[in-house]
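Shown next, in structure tokens, is the structure this report addresses.
By convention in this document, chain letters (A, B, ...) are assigned in the order of the sequence lines, proteins followed by strands, and residues within each chain are numbered from 1. What you see below is based on every heavy atom in this structure, not just the backbone, and it leaves out hydrogens, waters and symmetry mates. Please read these numbers as outputs of a predicted model, since none were measured by experiment.
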Number of protein chains: 2
Amino acid sequence: MKSNSLFKGSLTTIILTLLEQNDKMYGYEITQKVKEIANDLKITEGALYPALHKLEGDGLLTVSIEKVGNRNRKYYALTENGKIETTNKLNNLKDFVEQMQLILNTKLATT
Amino acid sequence: MKSNSLFKGSLTTIILTLLEQNDKMYGYEITQKVKEIANDLKITEGALYPALHKLEGDGLLTVSIEKVGNRNRKYYALTENGKIETTNKLNNLKDFVEQMQLILNTKLATT
DNA sequence: TTTTAATACCTAAGAGTTTTAGGTATATTT
DNA sequence: AAATATACCTAAAACTCTTAGGTATTAAAA
């Protein structure tokens with residue numbers, strides 16, 4: 001059950017897609033959202049924060065800091081390039097699943 | 001289109017499943033088979049051979065050398081543990097796809 | 001009220017997997 | 001004769017994630 005480790009590159013896809021769905025989110029919120037939706041697919045903060053910084057550095061995300069009480073939240077949102085890249089990542093993932101189905105000769109998605 | 005890089009861990013799943021379908025295969029044959037079935041999903045020899053050696057070391061594969069002309073082929077086949085692990089890997093992949101669908105709110109497989 | 005758990009951010013060493021870039025040798029095709 | 005395909009291999013580098021910490025504020029539990 002506990003298929004602990006994410007598949008390579010899927011973390012970025014998850015982040016981008018969640019931001020497409022929610023306009024803006026902060027790091028901790030993303031970890032909780034994933035835990036809430038997909039119980040078996042944990043994303044660790046040690047992976048998340050560096051990934052967010054990289055996406056920001058690549059110009060796919062922008063940051064805005066909001067003070068809540070005495071604490072700072074860093075809200076991330078997609079840039080235009082970020083939206084384009086989100087589409088690309090989703091297409092890549094779909095392609096990957098299709099190609100895997102061909103090789104494995106199996107329906108991977110029964111939903 | 002060229003979603004070049006495999007997703008983490010999928011290489012092992014591919015190797016094991018192809019061996020489940022074909023009883024025995026040699027390394028080069030595996031690369032060709034994948035190229036033939038899934039054009040966008042290239043597996044490189046630099047990844048394949050170390051992976052085969054690891055699977056053998058873990059007791060999931062056995063090797064038998066066959067001489068063809070003046071050249072040696074190393075045929076790999078699943079052990080009993082290898083068959084069990086193949087099932088596990090396939091289930092992991094299915095779980096992963098299902099969890100991703102939940103997060104992305106998308107049907108990844110339209111086949 | 002003190003301690004624990006949750007919220008919220010972060011980094012760095014290490015592990016694991018794949019790419020890149022080679023190498024060797026035989027067999028076939030041009 | 002030279003180039004391509006077959007068939008095996010390794011090692012350095014790149015990339016991603018885990019593990020294992022760290023800091024600080026806020027809420028809940030003891």
Worksheet item: Looking at DNA chain C, which of residues 62-77 of chain B put a heavy atom within less than 4.0 Å of it?
Response: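 Going residue by residue through residues 62-77 of chain B, the ones with a heavy atom under 4.0 Å of DNA chain C turn out to be B:Gly69, B:Asn70, B:Arg71.
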
Practice prompt. Kindly indicate whether the side chain of A:Asp58, heavy atoms from C-beta on, has any atom under 4.5 Å from the side chain of A:Asn81.
Written response: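 Not in contact.
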
Protein-nucleotide distance ([X], atom [atom1]; [N], atom [atom2]), rounded to Å:
X: A:Leu52; N: C:dA8; atom1: CG; atom2: P; result: 15 Å
X: B:Lys54; N: D:dT10; atom1: NZ; atom2: P; result: 15 Å
X: B:Glu45; N: C:dG22; atom1: CD; atom2: C1'; result: 12 Å
X: A:Ile43; N: D:dC17; atom1: CD1; atom2: P; result: 10 Å
X: B:Leu48; N: D:dC8; atom1: CG; atom2: P; result: 9 Å
X: B:Ile14; N: C:dT17; atom1: CD1; atom2: P; result: 14 Å
X: A:Leu41; N: D:dT16; atom1: CG; atom2: C1'; result: 15 Å
X: B:Met25; N: D:dC8; atom1: CE; atom2: P; result: 11 Å

Practice prompt. State which of D:dA7, D:dT18, C:dC10 makes the closest approach to the side chain of B:Tyr49.
Written response: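 For B:Tyr49, the side-chain atoms sit closest to D:dA7.
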
Item to complete: Ignoring the backbone of B:Tyr28, work out which of D:dT10, D:dC8, C:dC10 is nearest its side chain.
Response: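 My answer, after comparing the listed nucleotides, is D:dC8.
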
Practice prompt. Would you please confirm or rule out a distance under 4.0 Å between OP1 or OP2 of D:dC8 and any side-chain N or O of B:Tyr26?
Written response: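 Checking B:Tyr26 against D:dC8: no side-chain N or O falls below 4.0 Å of OP1 or OP2.
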
Discussion item. Tell me whether the side-chain N/O atoms of B:His53 come closer than 4.0 Å to OP1 or OP2 in D:dT10.
Written reply: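 Yes, within the criterion.
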
Discussion item. If you assign each of A:Thr44 and B:Ala47 to its closest nucleotide in DNA chain D, which residue comes earlier from the 5' end?
Written reply: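 With A:Thr44 and B:Ala47 compared, the 5'-side residue is B:Ala47.
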
Worksheet entry | Heavy-atom closest contact (B:Leu52 atom, B:Gly27 atom, distance) |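 Closest pair (atom of B:Leu52, atom of B:Gly27, distance): CD1-CA, 3.9 Å.
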
Discussion item. A cation-pi test, strictly: NZ or CZ of A:Lys74 under 6.0 Å from the centre of the six-membered ring of A:Tyr26 and no more than 45 degrees from its axis. Yes or no?
Written reply: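 Geometry flag: not set, cation outside 6.0 Å or 45°.
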
Discussion item. Against B:Glu66, only a single residue in B:Arg73, B:Lys24, B:Arg71 fulfils side chain to side chain donor-acceptor pair (under 3.5 Å); can you say which?
Written reply: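 Answer to the side chain to side chain donor-acceptor pair (under 3.5 Å) test with B:Glu66 among B:Arg73, B:Lys24, B:Arg71: B:Lys24.
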
